[in-house]
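Everything on this sheet refers to the single structure shown next.
Given the structure is predicted, the values throughout are model-derived calculations rather than measurements. A, B, ... follow the sequence lines: proteins, then strands. Residue 1 opens every chain.
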2 protein chains.
Amino acid sequence: MPPTAESIEKRLAAFEQACRAAGLRLTHQRLEIYRQLALSRNHPTAEALYLELRKKIPTVSLDTVYRTLTTFASHGLINKVETIESQAHFEVTHEQHHHLICSRCKEIIDFEWRTVDDADLPEAVASWGRIDTRSVVVSGICRKCLP
Amino acid sequence: MPPTAESIEKRLAAFEQACRAAGLRLTHQRLEIYRQLALSRNHPTAEALYLELRKKIPTVSLDTVYRTLTTFASHGLINKVETIESQAHFEVTHEQHHHLICSRCKEIIDFEWRTVDDADLPEAVASWGRIDTRSVVVSGICRKCLP
DNA sequence: TTACTTGCAAAGCCTTTGCAGTAAA
DNA sequence: TTTACTGCAAAGGCTTTGCAAGTAA
């Protein structure tokens, strides 16, 4: 999972190929944005990437970073870390439950999943700190939105 | 899990008590905001609640709804549906993994959890539509941020 | 050359905040 | 009465968009 020197190279190669396949032009900015992201051990925001990037390409603009990340994500080249939209959604507090989200209509449904609630967390997680909540987000297309 | 007439009443009673315990004043707006949320089967946004609320309290303002929801959430009376912050975070696509988030420093760590990856989804979920991804978000306070 | 990308600037959306008036305790 | 809460208006942060100039193919 952590990026190593050679895994970056492999990733970049795969990336270039995927761009070609998708008909995306390989610009200097795109390559650097992808490389920067692939090098990141954390999960940077657009702005964090932008700040790093400016060291290499002083003229890049923040909007290009945004646009590029959106483009990459829409082609499945990168992921936006699981988030439910820019708008916050609320619920009254109740029993432990999880969420099912339709990526088309954005409807959010609750569901229960005891298997997960009762499962022991991996050791790496247990030693990370104090755990407060565990919640699964399952996403897909709901029946109403399927063709 | 779906709210029923009497469970609302129970919830409102518990809510009023919790407000008193927390030293929060019971205003008309707060009660109605809470009731509206408790009645919701979906997970409304502040704006959705506001639009409904205006039917009952025409003078209510959107900022009050925001402020009230924030207050409620900070007292644990309601939940903000799992989201990682207002800023989007990105990562290159790689193997199935999950996220560990420190609610203090907001650092996001990847981890693997085969138990969940391999577990069968509950039946209710399986019949919901087409599933694309399942991802666990575990939150808490990481060791570095613990006292 | 042609169509896609970029940088710039401005707008957009969601949310927060300062302030003065209002209402709960 | 006292202090917290509300509504208003304005600002703030993150993200998107229109447009003209630039560049990959």
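Looking at B:E9 and B:R11, no side-chain N of the basic residue comes within less than 4.0 Å of a carboxylate O on the acidic one, giving no salt bridge.
B:K56 pairs in a side-chain hydrogen bond (donor to acceptor under 3.5 Å, both in side chains) with only one of the listed residues (B:E32, B:H28, B:Q36, B:Q29), which is B:E32.
In terms of phosphate contacts, B:S61 brings a side-chain nitrogen or oxygen within less than 4.0 Å of OP1 or OP2 of D:dG7. Between D:dC5 and B:T68, no contact under 4.0 Å exists linking OP1 or OP2 to a side-chain N or O. The side chain of B:Q29 places no N or O atom within less than 4.0 Å of a non-bridging phosphate oxygen (OP1 or OP2) of C:dA24.
Taking atom CD of B:E32 as the reference point, atom P of C:dA24 lies 13 Å away to the nearest angstrom. In this structure, the OH atom of B:Y66 is 7 Å from the P atom of C:dC14, given to the nearest Å. Remark: P of C:dT6 and CG of A:L31 are 11 Å apart, rounded to the nearest angstrom. With rounding to whole Å, A:L53 atom CG is found 11 Å from C:dT6 atom P. A straight line from CD1 of B:I57 to P of D:dC5 spans 16 Å, rounded to a whole angstrom. Rounding to whole angstrom units, CG of residue B:L62 and P of D:dA9 are separated by 14 Å. Per the geometry, OH belonging to A:Y50 stands 14 Å off P belonging to D:dT15, to the nearest Å. Separating the NE2 atom of B:H75 from the C1' atom of D:dA4 is a distance of 12 Å, rounded to the nearest angstrom.
In this structure, B:I141 is not a member of the same hydrophobic cluster as A:W128, with clusters built from ILVMFWY side-chain heavy atoms closer than 4.5 Å.
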Contact state string [nucleotides 19-25 of chain D, B base, S sugar-phosphate only, - no protein heavy atom under 4.0 Å]: -----BS
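Judged by closest nucleotide on DNA chain D, B:R30 is the one of B:R30 and B:D63 placed further toward the 5' end.
A donor-acceptor pair under 3.5 Å is absent between the side-chain atoms of A:R54 and the main chain of A:T59, judged by distance alone. In this structure a side-chain-to-backbone donor-acceptor pair under 3.5 Å is missing from A:T64 to A:V60.
Between A:F111 and A:W113, the angle of the ring planes lies from 30° to 60°, which puts this pair in the tilted group.
Note that CD1 of B:I131 and SG of A:C142 are 10.0 Å apart. Values are rounded to the nearest 0.5 Å.
Checking C:dG7, C:dC14, D:dT6 against the side-chain heavy atoms of B:E47 singles out C:dC14 as nearest.
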